[in-house]
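What you are looking at is a predicted structure, and each value in this text was computed from that prediction instead of being measured. Side-chain atoms are counted along with the backbone in the values below, which use heavy atoms only and exclude waters and symmetry mates.
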Number of protein chains: 2
Amino acid sequence: MPPEASIPSHLGFAILGLLARRQRTGYDIAKAMERPVGYFWTARHSQIYPELARLEDAGLVRHRVVDGAGPRPTKRYAVTAAGKRALRSWVASELEPQPVRDLETLKLWSVWLVAPEIAKSFVRQSLSAHKARLAAYEEELAGVDADTDSRDPGHPLFASRLTLEGGVRSRRAAVEWCEWMLDELDWAGDHHRSDRHRQGHGARRGT
Amino acid sequence: MPPEASIPSHLGFAILGLLARRQRTGYDIAKAMERPVGYFWTARHSQIYPELARLEDAGLVRHRVVDGAGPRPTKRYAVTAAGKRALRSWVASELEPQPVRDLETLKLWSVWLVAPEIAKSFVRQSLSAHKARLAAYEEELAGVDADTDSRDPGHPLFASRLTLEGGVRSRRAAVEWCEWMLDELDWAGDHHRSDRHRQGHGARRGT
DNA sequence: GTTTCATATGTCAACATTGACATATGCCGC
DNA sequence: GCGGCATATGTCAATGTTGACATATGAAAC
């Protein structure tokens, strides 16, 4: 029996999710954390290798040494039956609210401090980032969508299709939002200039 | 001159953004990190108090002791001129790509492992959370929108309006996405069953 | 009257995450 | 043949973040 299997961290479940689809080396996992898993969860290799060791201690994954190019033995990991059970029960568990950390919105929240022109250049940066991500999602979704396996709710591609669809929808909304903000800033900039020249500085408050 | 002002952390800028709108105690900041700033950035008081001390060391905020109900002296913080400059230049700086950490999508990505019925209950949980958040955003936006200050690009409420509009749009997209997923799961669940039992089945709607 | 809640500030251990350092091989282009 | 890149796994110090512990007062609910 493996040591008592403590509940893995979020990263642990991200790794189990990858290994449940197919076996991988730690290096493969690190690459997947850029794309496509990196679209919603990221980690560096320096976090992945220790986490794999912890998962193995808990009996949720195991490895076999294979041929490879590194200076150390290359290890290929696979999920165990216990690992798959842990993953399944995590998916079925209540979705706890997660801390939000959105740097883009945080910056935008203080955008009233800078001139409308600078605000517009900020929004344009956001817009192009969202557009690029949208294009990536759409391309990947087209590939998944063409595969008939993506209609089978028991196939990994089914889940890939759901997540990609969400990505496309949220990025489309973000692109439209940025375009709306540019309109607002255009109008506000003009308006502001017109009655810019004198008004008192009263005590302002905001929420 | 204060000690050399190192660049504050993201949390530091969140706090500066709050104090740039008006003075607050550490406790007030902690409450604001639930709502409305908590909509895009969160922190506990155990993180806020040390950060305020660091910001003060860097000369970006200062405090005055006021009457209060706590066991220790109550401190009211305000942003300094240097703090406002730091915040402004951060807003104008390039938007660095941020690590994504989306637990909801991470779970969904492994949803192929569970029965469609369980998947549906997961999506229903998401849906109700998104709907609740959407309602909160809409209510807050209605209040901000009614204030004419929210049209002035130099007023905090202008920035509040932009961020809330983004919140409304993204949550609306999320609600529609969840409803789309429920449709997909309905159809896929039926399809799955009918395949197994060799029964005929009707048409489905488009992607 | 007593429990509970909001006010109010702090510390600390544990865990999560990043970025730098460390290492060695094979392949490709120049 | 040499530089750069992909393969491949690891450690470590520093920073970010959480959850628990600690404390005291006034007001409202029961």
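Across every non-hydrogen atom of Thr42(B) and Arg101(A), the tightest pair is O-NH2, 2.6 Å. Looking at every heavy atom in both residues, Leu162(B) comes nearest to Trp180(A) through CD2-CZ3, 3.6 Å.
Defining each end axis of the helix from dG1(C)-dC30(D) to dC30(C)-dG1(D) as the rotation carrying four pairs' C1' atoms onto the next four, with five pairs an end, the two axes are found to diverge by 40° to 10 degrees.
Between the CD1 atom of Ile15(A) and the C1' atom of dT17(C) there is a distance of 13 Å, rounded to whole Å. Per the geometry, CZ belonging to Arg54(A) stands 11 Å off P belonging to dT11(D), to the nearest Å. Remark: C1' of dA8(C) and CD1 of Ile48(B) are 12 Å apart, rounded to the nearest angstrom. Between the NE2 atom of His63(A) and the P atom of dG10(D) there is a distance of 8 Å, rounded to whole Å. Between the P atom of dT17(C) and the CG atom of Leu103(B) lies a distance of 11 Å, rounded to the nearest Å. We find that CH2 of Trp41(A) is positioned 15 Å from C1' of dT18(C), with the value rounded to whole Å. Look at NE2 on His10(A): it is 20 Å from P on dG16(D), rounded to the nearest Å. Taking atom CD of residue Glu96(A) and atom P of nucleotide dG19(D), one finds them 10 Å apart after rounding to whole Å.
The side chain of Tyr77(B) lies closest to dG10(C), out of dG10(C), dT18(D), dT9(D). Ranking dT18(C), dA8(C), dA20(D) by closeness to the Ser46(A) side chain, first place goes to dT18(C). Side-chain atoms of Leu11(B) lie closest to dT17(D) of the nucleotides dT17(C), dA16(C), dT17(D). Checking dA6(C), dT7(D), dT17(C) against every side-chain atom of Gln47(A), the shortest atom distance belongs to dT17(C). Of the candidates dA8(D), dT17(D), dT9(C), dA8(D) carries the atom nearest the Thr25(A) side chain, counting heavy atoms from C-beta on. Looking at the side chain of Tyr49(B), the nearest of the listed nucleotides dT9(C), dT7(D), dT18(C) is dT9(C). Side-chain proximity of Arg44(A) to the nucleotides dA8(C), dG19(C), dA8(D) is greatest for dG19(C). Among the nucleotides dT9(C), dT11(D), dA8(D), the one closest to the side chain of His45(A) is dT11(D). The nucleotide whose nearest atom lies closest to any side-chain atom of Arg101(A) is, among dG10(C), dT17(D), dA8(C), dT17(D).
With rounding to the nearest 0.5 Å, the separation of CD in Glu138(A) from CD in Glu165(A) is 10.0 Å.
Side chain of Arg21(A) to backbone of Pro156(A): a donor-acceptor contact under 3.5 angstrom is found. With Arg24(A) contributing its side chain and Leu18(A) its backbone, the two residues share a donor-acceptor pair below 3.5 Å.
Sequence order on DNA chain C of the closest nucleotides to Ala43(A) and Arg72(A) puts Ala43(A) first from the 5' end.
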### Message
Go through it in stages, so that I can follow the logic: the residues are Trp90(B) and Phe13(B), the test is ring pair (Phe, Tyr, Trp, His ring centres under 6.0 Å), and I'd like the CA-CA distance, side-chain angles, deciding distance and then a yes or no.
### Response
CA-CA 8 Å; Trp90(B) 174 70; Phe13(B) 285 117; 4.4 Å; yes
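In this structure, Tyr39(B) and Tyr137(B) have perpendicular ring planes: the angle between them is above 60°, well past the 30° mark.
Look at Lys31(A) and you won't find any side-chain N or O under 4.0 angstrom from OP1 or OP2 of dA8(D).
Open room surrounds CZ on Arg76(B); 12 or fewer heavy atoms of other groups in view lie less than 6.0 Å from it.
Backbone-only engagement by Pro99(A) is indicated by non-hydrogen atom pairs under 4.0 Å involving sugar-phosphate atoms exclusively.
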